[in-house]
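What follows is a short report on a single structure.
Lettering follows sequence order; numbering is per chain, from 1. These numbers come from the heavy atoms of this one structure, side chains and all, not from hydrogens, waters or symmetry mates. All figures in this text were calculated on a predicted structure; none of them were measured in a lab.
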2 protein chains.
Amino acid sequence: MLRRTKKERQRLLSETIADNPFVTDEQLATQFQVSVQTIRLDRMELAIPELRERIKDVASKTYENEVKSLPIDEVIGEIIDIELDNRALSIFDVKEEHVFQRNGIARGHHLFAQANSLAVAVIDDELALTVHSNISFVKPVRAGDRVITKAIVIGRDEKSHRTKVELTSTVNGETVFVGEFDMYRTKGKGEQQ
Amino acid sequence: MLRRTKKERQRLLSETIADNPFVTDEQLATQFQVSVQTIRLDRMELAIPELRERIKDVASKTYENEVKSLPIDEVIGEIIDIELDNRALSIFDVKEEHVFQRNGIARGHHLFAQANSLAVAVIDDELALTVHSNISFVKPVRAGDRVITKAIVIGRDEKSHRTKVELTSTVNGETVFVGEFDMYRTKGKGEQQ
DNA sequence: CTGATATTAGTACCAAGTGCTAATAACAAC
DNA sequence: GTTGTTATTAGCACTTGGTACTAATATCAG
């Protein structure tokens, strides 16, 4: 084996494609210094579909997962469960880029972003905006932590167009963040500000 | 014109494709009882890209947004003036990627991020963490707006290692966001290097 | 009837593949 | 060295869902 082993190349190939599904066989062949045919054999063995199928997969996946009040792509973290106007759950994996270099603790605005976008997503309305919120960062979160955030709609006032949402984020069962969000919604008379 | 007018067909065609970008010319031809060539002419006139391009657009759009949560920079916005443990000022230009596609209003977490990172920056300490905050989104902010955020340190308790910071964000002199941040810091007065 | 517009047909070509066969290359075992 | 096995490369026909272009025909309006 010249460049490395076949196994090693296939491992890297899987990674590369997972990282960027938009890459063609030709680009991969150049990258790994092998022929296009080898790349194709590799894909066969690894059961990796062709470029067009991969792209279609990405596209259809996001198409299925559309949430009514907010496109899925505008949510920080991944929504794993949602019951509109009732409750929602999202996961956010804290990575190196989310923490302070100096102390390794996650910057507050990332936790806020996850909570805030979940609060917006749970509202079953075309327009949902955060008006006010009262939040507490209970415990530091670090890179590698998986933050699970739960949103519970706890009150709704039709007249003021407000909905109250309670947010709780935990890491390994321990609460790291809590917040109460006051959301504005349009439903009823759709007048925008 | 046989089936209806060309205009009517093209209107329906746009709708159909918008509704389901995964449809092929052939399917469309069958649906509208015209030839594939007519569908292609229609797409030309309406500047609707071919199936593969449409799918790629859907896929890449969601792919971008997955990564595009919050910037990696330690500070959101540009600090233009700072007097440690006293006050600080930052500017943040709201762009298209910061607003909801649906209504053009800036997502709350970006405003929070600017305020939060300014609150962290104004503290003259190695470690500064947000413990609690009470915030209000006073007025919607839109793409193109220049948000100026001012942080004022309004209180400090040596024993609890807490510092209170008041944040105000304005656009063209109008207040759009206010917040009170409770910051934790490691060192009390006099312990500093 | 004439012209303009709309529609259809047909051809060559493209990207990014699949599926298949066959030729080499590399390396290990004996 | 020779043989066996696995790995790699090459080549060709074929596929989808198109583009780009030309040319013929249909439809309708004045």
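Whole-Å rounding puts the B:Glu26 CD to D:dG17 C1' distance at 9 Å. Across the protein-nucleic acid pair, B:Glu53 atom CD and C:dC14 atom P stand 17 Å apart, rounded to whole Å. The CG-C1' distance, from A:Leu41 to C:dC20, rounds to 11 Å in whole Å. Separating the CZ atom of A:Arg9 from the P atom of D:dT6 is a distance of 16 Å, rounded to the nearest angstrom. Nucleotide D:dT8 holds its P atom 12 Å from the CZ atom of A:Phe32, rounded to whole Å. Taking atom CD1 of residue A:Ile55 and atom P of nucleotide D:dG17, one finds them 15 Å apart after rounding to whole Å. Rounded to an integer number of Å, the gap from CG of A:Asp42 to C1' of D:dA7 is 10 Å. Between the NZ atom of B:Lys6 and the P atom of D:dC28 there is a distance of 15 Å, given to the nearest Å.
Under 3.5 Å, the side chain of A:Arg52 and the base of C:dG17 form no donor-acceptor pair of N or O atoms.
Not a single salt bridge (Lys or Arg N to Asp or Glu O under 4.0 Å) links A:Glu96 to another residue, sequence neighbours left out.
Put simply, A:Thr38 has no side-chain N or O that comes within less than 4.0 Å of OP1 or OP2 on D:dT8.
Taking the charged nitrogens against the carboxylate oxygens, A:Asp157 and A:Arg162 have no contact shorter than 4.0 Å, which rules out a salt bridge. Between A:Arg185 and A:Asp124 there is no salt bridge, since none of the side-chain N atoms of the basic residue sits less than 4.0 Å from a carboxylate O of the acidic one.
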Are any protein N/O atoms closer than 3.5 Å to N/O atoms in nucleotides 19-22 of chain D? If there are, list each pair with its distance.
residue: D:dT19; atom: OP1; partner: B:Arg43; partner atom: NH1; Å: 3.1
residue: D:dT19; atom: OP1; partner: B:Arg43; partner atom: NH2; Å: 3.4
residue: D:dT19; atom: OP2; partner: B:Arg43; partner atom: NH2; Å: 2.9

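Using a distance-only test at 3.5 Å, with no hydrogens or angles considered, no donor-acceptor pair links the side chain of B:His109 to the main chain of A:Gln114.
Using cut-offs of 30° and 60° on the angle between ring planes, the pair A:Phe112 and B:Phe112 is parallel. Relative ring orientation between B:Tyr184 and B:His161 is described as parallel, the plane-to-plane angle staying below 30° on a 0-90° scale split at 30° and 60°.
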Anything under 3.5 Å between a donor and an acceptor, one on a side chain of residues 44-53 of chain A, the other on a protein residue two or more places apart or in another chain? List them.
residue: A:Glu45; atom: OE1; partner: A:Lys6; partner atom: NZ; Å: 3.2
residue: A:Glu45; atom: OE1; partner: A:Gln10; partner atom: NE2; Å: 3.2
residue: A:Glu45; atom: OE2; partner: A:Lys6; partner atom: NZ; Å: 3.0

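Distances from the side chain of A:Leu51 to the nucleotides C:dG17, C:dA9, D:dT9 place C:dG17 closest.
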